[in-house]
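Keep in mind it's a predicted model, so treat the numbers as computed, not measured.
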Amino acid sequence: MNHIEIHTDGACKGNPGPGGWGVLLRSGHTEKELFGGELATTNNRMELTAVIEALAALKRPCKVSLYLDSEYVRKGITEWIHGWKARGWRTASKQPVKNVELWQRLDELVATAGHHIEWHWVRGHTGDPGNERADALANRGVDQVLGRR
């Protein structure tokens with residue numbers, strides 16, 4: 001199984017507002033950058049989208065070390081999702097899960113793609129090189145949707 005290191009980040013200018021997502025994939029000496037955005041979105045949606053796009057870009061099962069600065073995404077996929085699914089995609093307070101279509105897509109990727117994923121939280125904006133690159137890519141996604149490329 002190939003080992004892939006992934007760094008993801010989301011950005012939003014206003015929340016909600018125009019947003020972007022960024023991904024840095026590394027395998028050995030090879031790097032690939034991905035980014036995109038949406039005109040009307042939230043930071044949490046962009047954080048989720050970055051992880052979804054990163055995992056969807058992998059063509060075969062991999063050993064993945066995934067670094068992200070979003071506890072919402074990390075805890076959501078490793079802890080909260082089990083209860084949400086058991087309650088029919090409702091929170092503990094019986095409210096519908098926000099961003100449910102993105103959570104369902106991420107759940108599908110995690111469950112069916114055959115990856116072995118280690119989820120690593122990093123503190124954002126503290127100089128972590130991978131996180132800084134992913135953040136810059138997310139901001140490029142914002143610039144792209146705003147036509148400031």
I need the T49 OG1 to L102 CG distance, nearest 0.5 Å.
5.0 Å

Suppose we screen for salt bridge (charged side-chain N to carboxylate O under 4.0 Å, His left out). Which residues come up paired with K85, at least two apart in sequence or across chains?
D107

From E47 atom CD to R74 atom CZ, the distance as rounded to the nearest 0.5 Å:
13.0 Å

Listing request: all ring pair (Phe, Tyr, Trp, His ring centres under 6.0 Å) pairs with a residue in residues 122-148, at least two apart in sequence or in separate chains.
none

Between P61 and M1, the two heavy atoms sitting closest are O-CG, 3.6 Å

Given the rule that I, L, V, M, F, W and Y join up when any side-chain heavy atoms are under 4.5 Å apart, are L48 and I6 in one cluster?
yes

CA sep, side-chain torsions, deciding dist, call: W121, L66, side chain to side chain contact (heavy atoms under 4.5 Å, CB included):
CA-CA 8 Å; W121 179 79; L66 201 150; over 6 Å; no

Is there a path of hydrophobic side-chain contacts, each under 4.5 Å between heavy atoms, that joins Y72 and M46?
yes

N-O pairing of R105 and E53 below 4.0 Å:
no

What are the two closest non-hydrogen atoms of W103 and I77, and how far apart are they?
CZ3-N, 3.6 Å

Contact summary for N131 and R123, nearest pair of heavy atoms:
OD1-O, 4.4 Å

For L68 and W119 the tightest heavy-atom approach is CD2-CE3, 4.2 Å

Could you pull out all residues at least two apart from T91 that satisfy side chain to side chain donor-acceptor pair (under 3.5 Å)?
S93

H3 and S27: side chain to side chain donor-acceptor pair (under 3.5 Å), yes or no, with the steps?
CA-CA 6 Å; H3 180 258; S27 180; over 6 Å; no

Separation between SG of C62 and NE2 of H115, rounded to the nearest 0.5 Å:
6.0 Å

Inter-residue atom distance W80.CH2 - K75.NZ, 0.5 Å rounding:
6.0 Å

side-chain hydrogen bond (donor to acceptor under 3.5 Å, both in side chains) contacts in which one or both residues fall within residues 32-42, not counting sequence neighbours
E33-R133

Residues passing the ring pair (Phe, Tyr, Trp, His ring centres under 6.0 Å) test with H120, sequence neighbours excluded, are Y67

Is it the case that one hydrophobic cluster holds both L106 and I81, taking links as side-chain heavy atoms less than 4.5 Å apart, direct or via other members?
yes

Carefully, step by step, assess K98 and R45 under the rule side chain to side chain contact (heavy atoms under 4.5 Å, CB included).
CA-CA 9 Å; K98 290 181 180 169; R45 289 186 67 81; over 6 Å; no

Residues L39 and V145: closest non-hydrogen pair is CD2-O, 3.5 Å

Using side-chain heavy atoms (C-beta onward) and a distance below 4.5 Å, is W89 in contact with Q104?
yes

Checking the side chain of E132 only, and the main-chain atoms of G127 only, is there a donor and an acceptor separated by less than 3.5 Å?
yes

So among L25, N2, L109, which one has a side chain to side chain contact (heavy atoms under 4.5 Å, CB included) with L58?
L25

Treat each ILVMFWY residue as a node, draw an edge where side-chain heavy atoms are under 4.5 Å apart, and state whether V142 and L34 are in one component.
no

Identify each donor-acceptor pair in which a side-chain atom of residues 7-24 lies under 3.5 Å from a protein atom, sequence neighbours left out, and give them as a table.
| from | atom 1 | to | atom 2 | distance (Å) |
| --- | --- | --- | --- | --- |
| H7 | NE2 | E5 | OE2 | 2.9 |
| K13 | NZ | N139 | OD1 | 2.7 |
| N15 | OD1 | N43 | N | 2.9 |

